[in-house]
Each structure stands twice: as structure tokens, then as C-alpha cells.
Amino acid sequence: MITHFKQWCAQNNLSSDAIEIIQEIRNGEPSRNVESGKKNVAGFYPSRKMGVTIQFESHTVELAGIYEKELDDNVIEYYDQPVSFEIKYKGKRRQLTHKYTPDFFVIKKDWIGWEEWKMEKELIELEQKNPERYYKDENNIWRCPPAETYAENLGMSFRVRSSSEIIWERLNNIRFLEDYLYDRNFKVQEKAKEVIIGEIKKKPGISLYDLIMTPLEFITSDNVYYLIATQEIYSDLENCLITDYKKFLLYADDLTFTAFTSVKGSITREEMLEMETLELYEGSSIKWGSNIYEIINSDEEEVWLMGQSGNPKKLKVEVFYELVERGDIKGNSKKHLTLNEQEIRDIVNGLNEKEMKETLDKFKVVSDYLITKDYTEYKVPDRTLRDWKQKYEEGEMKYNSGFLGLVPKTKNKGNRLPKITEAQKELMEKVISKHYENSIRKNKLSVHKIYKGECKKKSINPVSYKTFCKYINMRPRYNLILAREGKRAAYQFEEFYWELDLKKTPRHGTRPFEIVHIDHTELDIQLVCSETGKNLGKPWVTFAVDAFSRRILAFYLTFDDPSYRSNMMVLREMVRRFKRMPSIIVIDGGTDFKSIYFDTLLAINKVIKKRRDGKPRIGNVIERLFGTIHTNFIYNFLGNTQSTKKNIRLVTPQVNPKKNAVWTLELLNEAMKEYVYEIYDKTHHTTLNSSPREVYVQGLKMTGIRKQTFITDFELFKMLTLPSPKKGTAKIQKRGCFIQINTFRYWNDILRNPKYAEKNVKVRYDPFDISVAYAYLDNQWVKMHSDYKEVFRGMSEKERKLVSSELKRRNKLNGINKDITLDEQVEFMESNEGKELTELQRRRDRASKAVLQAIDGYKEIVEEIPNISNQEIKNTEGKRTSIDKDILKDIKNQKLEGFGRFNYGE
């Protein structure tokens, strides 16, 4: 950071205008808040270099830019979304002028100016649209002349950064090693270092997998990753992903590394042809364990594999790619295939169910005949068998796949020329666009009549109604529904944007606790009060799910609608169980996730927040879980509301869920705990091909337990999950010795000490019991009680807001415009009207107390990975055990300043 700003400006010969702009950027907040959209995921990164959160509008290119600056010692300071400036450039028809907000303002030791980060594909499109704004120069560098002109006039610079500059393997390896790069508490013993380096010297070029699985005492994944991060052992971080454990090779020193990589670079083309390669298209051959399979079909959801037995198998695309990444599935091709990939794809995708079955039957007969030379059991004529065998061999020659040679050619018979003329097609397009794809929503028959009328005017023979309907059905479904029914109805037909490129961040992460999804859903079940038996309505549940293992790390059950309280409680439960926070939390665009308390908590714990605004399918890891919980758990209980979801009019009193409800929130919480943490946790997951707990345990074994990231002071973390007033602090009143928070006065005898008089201190209050608040005095949190503590004891923040809103409503009806006093609230609450108003909320809050006690009242425990033998990883169950208290440095002295960028440390 720049300590003497004026001196620094003089050294860089900056003008007064430039100094003024730099000061405005350095002292101000971001000029805009970034938002997520259809193709981008926005969020913030807790910068260790800047001590504040840095926004990114894209979790690919812009987040990559942030990592670059964090690790570049040449970067002194950088700021997101700096002050906008005006740019001018020539458009296709006229001169254009508008405000422009670059992604970053960067101060380096040898460079100062603005940066704009974009995908290479996007830049190419922008260049075609307007080359005066973006273009690639003769040195293959992207330029933005209008922004460069503005910067040059101030004596500074502007540059465009492209995704093509990013080395994705290196970026993902940095993300993987981040816990070891920055933490100073984690150290490797000298004895462990000697053992690890000694083993690598014996076997230079040993794979990461083989090293971690070596049965020696000091060889652990955590120790190995630390030595890689500190470059005490060497590897190719720029060309190979660490998570390719069997391909990621290690060397004892840089000289050995250089020598071996030079030898690799000299391998001839002929040698390369003999290497096994993985060809991911239909017709290619793969090796899964000791078995050979052929990819016979694939789509966005499933991959079909044909084994030597002739029985096809299907895998989810997610499972297939995870098996590839783990090295379980490998290529089986020993040569470069001279085949047209698009031709193969067209052949297989064009098969219907009947043709697929016919081809599989032929394939089984020919495969068995080639092995046994016997085909009598199939009762196939000799001539037919010879024909199939010939086609099989032709397929082997042409496609390297006998299966493709047996595909029926019936579709190639007959006249394949289009029967609709260009004039007919053009007129159909025009009429459908104008009269069918609009909000009037005319039916097909009416539009076809309009079409025939237009054909008559232009002397064109109209197509039949059947052909006309077929043409409409072939049009893009999303665009058609969008025009007729709006974007909400069209959403389910929208193209699903996701990345399967393993060079970029894998969609579900590379390890446990890297990415955690948090979301809420209302459960389809009616609950009753445990004391009175009266109906309390449907509860909400909040889940925190590990994306890598699909393990439910924590849940929180409540009657309250989603709010910052639900988020804080599910994080509190997760830390209670595992003593750690994830590297990345993915949330949706709900207002509860935009809470200042939620963002501050993440910033303090250095957690990256990613937002998927308005796109629930992007978070399908947790969205699918909601359906599973309802189908396998909730719908087995009395009081579930399945019947009311179809047709409420058919529901009779005898089957009404409200009449049949018997479950209380307390009992449902215990039952869900058993289901979520035990049954679901150990159940085979079809996508993972294992149980979530097994994948979690295996993941920790290979990617490191990372104890340096554990949170050791649970009581302090609980305090951080409590809200504070907007300023974060409050003044201790000299007269009365109390602190006022949100119109409530809180006191403790310790406040009588004269040294605290009129001092501003950090304060927090309990949203589930507003009679209690805390003040930070002499490096400890002091508990305080409110006035009228007997009245407010156990009252939640939500109940108080109900009372306050009702009093404001009454004042408005009576034409009274004044603030509601504390005495008025107390008087109303003690009245019969007040008790009646808050009765339901009080019952719900009372039921929620058992859930809160389950989080706060239990003995502090943590789930830790058990010892796993360094043989082939086996499925192992987790254990519960305590963790040492001195793993992580104390964060009690860390300060919070400001609420735009969250400053979490000085």
C-alpha cells in the first residue's frame, strides 16, 4: 500500500488532475455494484493485499485478474469499478459519447492506469460491431482507443486484457494451493520434508497420486501441497492440473524438473502417435479399469457406453467427467483417427429407438461370432451374417468402430431434397414471426388461414396445415414461448449455460469445502405447536451443500421466511460441525443474501461470494436436493401437502393436511437431522457413483485436510453471526450508564466504570432474544440486558417488528406522524390486542428455540477425516473428535470498517 501519497505522486510526475482522480478512486467506494446475469456469475473476493472486498462481474476472467494482482509483487494497489469517465468514438452512423466504467484501476511499481477484462470471443464480436472502440493491433494486442486517449491525457495508461492471456491450469492450481500460499501458521517439519524430497529423488517424475499413496509416516497430502506452494518441490503448474493426480509429476529440484521437461519436449511425432489419447466423441474408445468401452451416443445429460459384452451402459455427464478427471477413465486410442467427427455425431444422433435396438442386436451377433465363430443360437442366415460382418469391418476401417458400420441406412433412401420452395419457406417465416410469435397468442389454425391469404395474393401454392404446424414446432422453443408467454414461462426452455472445459474451474469444484451452495425452500408439510396442538403452518429449511461431494454440511429449520438470520444460523451450524468455512459460497439473488451482516461475516473469514441472480438452474446441485428431500423424506409424514398442490378443490376435510398435521418443529428437526446427517449422507448417489460421505472422505485424503483453515474459537464465531446496528458501534451514555441499540437501552454494571463514559464501542444484539445485547470492552464481549427485560425476554426481532409495524399502521390511520416509543411498544404488547397479534409468532419462536439449542447448546464437536491407510483409497466412514485450539490465529483484534468494501483487517 502507498504510505506517503504526495511523495509517491511527485516521484511519478503526475498532474494535479491525475492526482485528484487517483485520490477519488482510493478514498471512494466502487462506482457501481456488479450484477449477475444470464451468462455471468458475479461476487466479491476478500483481498488480502488490499484488506477490503473486491467485486468481480465474471467469475472467470475478472476473478482471474484479481488472482493475478494478488500474487504480483509489482502491484501496489488495485480497485474495482473505479470512477466512470466519458469516452468518445465514431460509430457506424454517428459520433458516440457515453460513460464508461472499467473493471479495475491498478497502481504498479512501473505502471498506473485502468484495466478492462473480457473474453476473447466477446472482444472479437465487439470488434466486428464497432472497430473504432475495440480492435486487435499488428502486435496481436487488444486496444480501446477512446479509453486510451482519456488515460494518456492524464499521463496514465489503459489496457484491455483478454481471456486468451490467462493460463487456466496455473490459475486453478493457484486456487487449489491458496490455503497453503497465504497461511503462515502451517509449517512442515524438517523430518517430513526430508522424507518427501528423498522419496521424489528416488523416483524423479513420480506422480502426485503415487507419492501421496506411499506408505510412509510423514507423507501426507497437506505436507506435499505446502512444499509445492513454497516451491520446495517442483512441478509444471502451468501445463497440468494438480487434480490430475496421476498425471501431475513431481521433481526434487528445478534442475531435475528442467531436464525432464526438456526430454519430454523432444519426443517425436511417431512416438506421440503411440501414446494413449482420450477422444471424447461418439465412436471413440475408452478404457475404464480393465474394460474397453465405445462411446455410442451422448447428449447434455448422459453418455452411452458399449462394452465388449454388447450391453450398453449409460452415465451422467457429470459422473463421466469426474471419472475422467480422477483418472479412472482413460483413452484407448493408439493413433490419430482420420474420421469426420461431425459425420459420426450426425449418424449416432440421427438414430431413433428402433434403429438403435436393431444396431445393438446386429452388433451382439457379430461380436460373439468374431470371438466364438458360432452363431447358431441366433438363427441368422449365412448370407445375412456375411453382410453384417462386412459392414462391421467397413465401420472399423472408416470410423474405427464396427458398431457405426452396422447402423441402418434407411434414412438415405428416397428423395432427400426439400419439398418446400424458398418462396413458401420465406412467407411462412414472415407470417409466423408477425402473427404467431406475439402476446396475442393466436392459434396455429388462425395463423395458417392468414398464411393462405398471403399466398393467394402472391400466387404461391400454400403448404398444408400439417406441414405448417410441423414448421412451427421446429422453431426455437425458447424464442417462441418468450414472445407468446413472457420470460418467466420461457425460462425452462432457455439454453443451459455451463462449462465442461476442465481447463477452467470445474463446475462442482475440485475438493471438499471449496464450493458450498446455500439456499432455502419451504417444506410441503403442516406443523403443530408442541404445547397447544394448534397449527403453526409450513416451515422453511436452509441447506448448506458441499458441491464436490454433494454432502449436506448443515441445515437450519425455522418458521421464519428466508432472512439474514437463516444464513447466519446455517453457517453457525456448519462451523459447529466442521470448524471451517468454505473457500467459495454460491448464493442466489435473494435480498437475504445481500445483508450487510452476511457479507461482513464472509469477508472476515476470507470467503469468496458468488451470486447466481435469477438463474436457479445454475445452482442445480442444491435445487435438485430440494426435490430429493421432499420425495424421500417429507412426503412420508402425516400433514404433507402433496394433495393441495394438484387441485385444492378436490381436498376433503378428512385428508386436509392441516387437519392431519401431527409433527412439531422440534420433532421434525430431530428426524431431519437423522435423515440428512446419517441416511442421506451414506446413501449411494447416482451422480457420484458413491455416497456423499465416501466422496467427502476420499476427497480430503487426496486434497488435504487443511487444518490451518479451521476456526478454533466457536464462541467468537457465534458472536460474528450476530447482527449489529448500521454503524456497528454505539456510545456508552454518561448519564444512566447504558447503550442504546435500535431504540432499546441495554446496561450492565461494568458500564458504571468512569473509563467507559461516552466511549464508542462495538455492539451486537441477539435477533432471537432482543432482551440481550453484547458490548466489546477490554478485548472481551460483555453481555447486557435491556430495560423491561422481563417483557422482552425471549422475544425475537421479527415479533418486535410485528408490533412496531402495527403501531405505525394505527398512527397512520389516525393521522399521527411520530416515532414509536419503547413505552408504547411495551404497553401494546401487554394488552390483549398485542398478545393476540403476536401469539402465532410467539408459538413459532418457542418451537424454534429447540432448533437453536441444537446449534448452540451442544458440546462443541467437529467432524474430521479418519486415518486412511496409504493403499488404494477405500470407502471409509467419518468420525467425530475434538480439534486442538491453537490451529488458527486469533481474530479477536480484527476490525470492521465501512460497509461498501468490507475492511476486515488492518
Side-chain angles (χ1 to χ4, degrees), residues 41 43-56 58-73 75 78 80 166-188 208 212 220-238 240-245 248 502-516 546-548 578-586 602-610 699-700 702-711 887-889 891 902 904-905:
V41 175
F44 67 64
Y45 177 87
S47 168
R48 292 167 172 82
K49 177 171 283 188
M50 296 301 297
V52 296
T53 54
I54 302 294
Q55 297 182 102
F56 54 84
S58 164
H59 72 149
T60 50
V61 287
E62 286 181 28
L63 184 55
I66 290 173
Y67 272 101
E68 177 191 90
K69 293 165 184 53
E70 286 289 309
L71 295 167
D72 188 354
D73 293 334
V75 174
Y78 70 101
D80 61 293
I166 301 169
I167 303 173
W168 294 106
E169 288 87 350
R170 180 176 181 272
L171 174 63
N172 283 312
N173 288 337
I174 289 171
R175 288 174 175 169
F176 186 92
L177 296 170
E178 192 171 8
D179 292 332
Y180 305 94
L181 282 168
Y182 295 118
D183 194 275
R184 297 176 182 176
N185 294 316
F186 186 90
K187 298 293 180 185
V188 175
L208 177 60
I212 291 176
T220 66
S221 52
D222 284 297
N223 287 342
V224 172
Y225 293 138
Y226 177 83
L227 295 177
I228 294 173
T230 55
Q231 294 188 329
E232 293 177 77
I233 55 179
Y234 290 80
S235 55
D236 190 355
L237 291 171
E238 294 197 354
C240 187
L241 289 169
I242 289 178
T243 49
D244 287 342
Y245 308 112
F248 192 79
L502 296 180
K503 290 185 178 181
K504 300 180 183 178
T505 305
R507 194 162 60 105
H508 299 312
T510 58
R511 59 182 176 82
F513 270 94
E514 179 185 8
I515 301 172
V516 168
D546 178 56
F548 177 80
F578 296 94
K579 280 192 178 284
R580 65 194 301 184
M581 288 278 276
S583 299
I584 299 168
I585 280 182
V586 179
L602 298 190
I604 290 172
N605 289 279
K606 301 176 179 62
V607 178
I608 300 172
K609 183 175 93 168
K610 291 187 178 182
L700 287 184
M702 288 306 301
T703 64
I705 299 174
R706 303 173 188 242
K707 284 188 179 181
Q708 69 271 26
T709 65
F710 285 8
I711 295 170
I887 300 172
L888 200 66
K889 67 179 180 181
I891 61 171
F902 301 103
Y904 58 82

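None of the values given here were measured: they were computed from a predicted structure. We count residues from 1, following the sequence as given.
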Exercise. State whether a side-chain donor-acceptor pair under 3.5 Å links Glu232 with Tyr226.
Key: no
Between [atom1] on residue [X] and [atom2] on residue [Y], distance to nearest 0.5 Å:
{"X": "Ile705", "Y": "Leu700", "atom1": "CD1", "atom2": "CG", "answer": "6.5 Å"}
{"X": "Ile166", "Y": "Glu68", "atom1": "CD1", "atom2": "CD", "answer": "8.5 Å"}
{"X": "Thr703", "Y": "Asp222", "atom1": "OG1", "atom2": "CG", "answer": "8.5 Å"}
{"X": "Asn172", "Y": "Ile167", "atom1": "CG", "atom2": "CD1", "answer": "12.0 Å"}
{"X": "Tyr45", "Y": "Asp80", "atom1": "OH", "atom2": "CG", "answer": "13.5 Å"}
{"X": "Thr230", "Y": "Leu227", "atom1": "OG1", "atom2": "CG", "answer": "5.0 Å"}

Do [X] and [Y] have side-chain heavy atoms sitting under 4.5 Å apart?
{"X": "Glu169", "Y": "Glu238", "result": "no"}
{"X": "Tyr245", "Y": "Ile212", "result": "no"}
{"X": "Asp546", "Y": "Phe578", "result": "no"}
{"X": "Ile228", "Y": "Leu237", "result": "yes"}
{"X": "Trp168", "Y": "Thr60", "result": "yes"}
{"X": "Lys610", "Y": "Leu63", "result": "yes"}

Quiz item: According to the interplanar angle, ranging from 0 to 90°, do the rings of Tyr225 and Phe176 count as parallel (below 30°), tilted (30 to 60°) or perpendicular (above 60°)?
Solution: perpendicular
How close do [X] and [Y] get, counting heavy atoms only, and between which atoms?
{"X": "Pro582", "Y": "Val516", "result": "CB-CG2, 3.5 Å"}
{"X": "Ala603", "Y": "Pro46", "result": "O-CB, 4.1 Å"}
{"X": "Leu171", "Y": "Ala64", "result": "CD2-CB, 3.5 Å"}
{"X": "Phe548", "Y": "Gly699", "result": "CE2-CA, 4.0 Å"}
{"X": "Leu181", "Y": "Ala229", "result": "CD2-O, 3.7 Å"}
{"X": "Ser47", "Y": "Ile54", "result": "CB-CG1, 3.8 Å"}

Quiz item: Donor-acceptor pair, Glu70 side chain versus Arg48 backbone, under 3.5 Å?
Solution: yes
Quiz item: Do Lys69 side-chain atoms and Lys49 backbone N/O form a donor-acceptor pair below 3.5 Å?
Solution: no
Self-check item: Thr53 and Leu602: CA distance, side-chain angles, deciding distance, side-chain contact (heavy atoms from CB on, under 4.5 Å) verdict
Solution: CA-CA 10 Å; Thr53 54; Leu602 298 190; over 6 Å; no
Exercise. Starting from the C-alpha separation in whole Å, work towards a yes-or-no answer on salt bridge (Lys or Arg N to Asp or Glu O under 4.0 Å) for Asp179 and Arg511.
Key: CA-CA 12 Å; Asp179 292 332; Arg511 59 182 176 82; 3.6 Å; yes
Practice problem: Could you check Ile608, Asn605, Val607 and say which one makes a side-chain contact (heavy atoms from CB on, under 4.5 Å) with Ile585? | Solution: Val607
Self-check item: Atom CZ of Arg706 with >12 non-hydrogen neighbours under 6.0 angstrom
Solution: yes
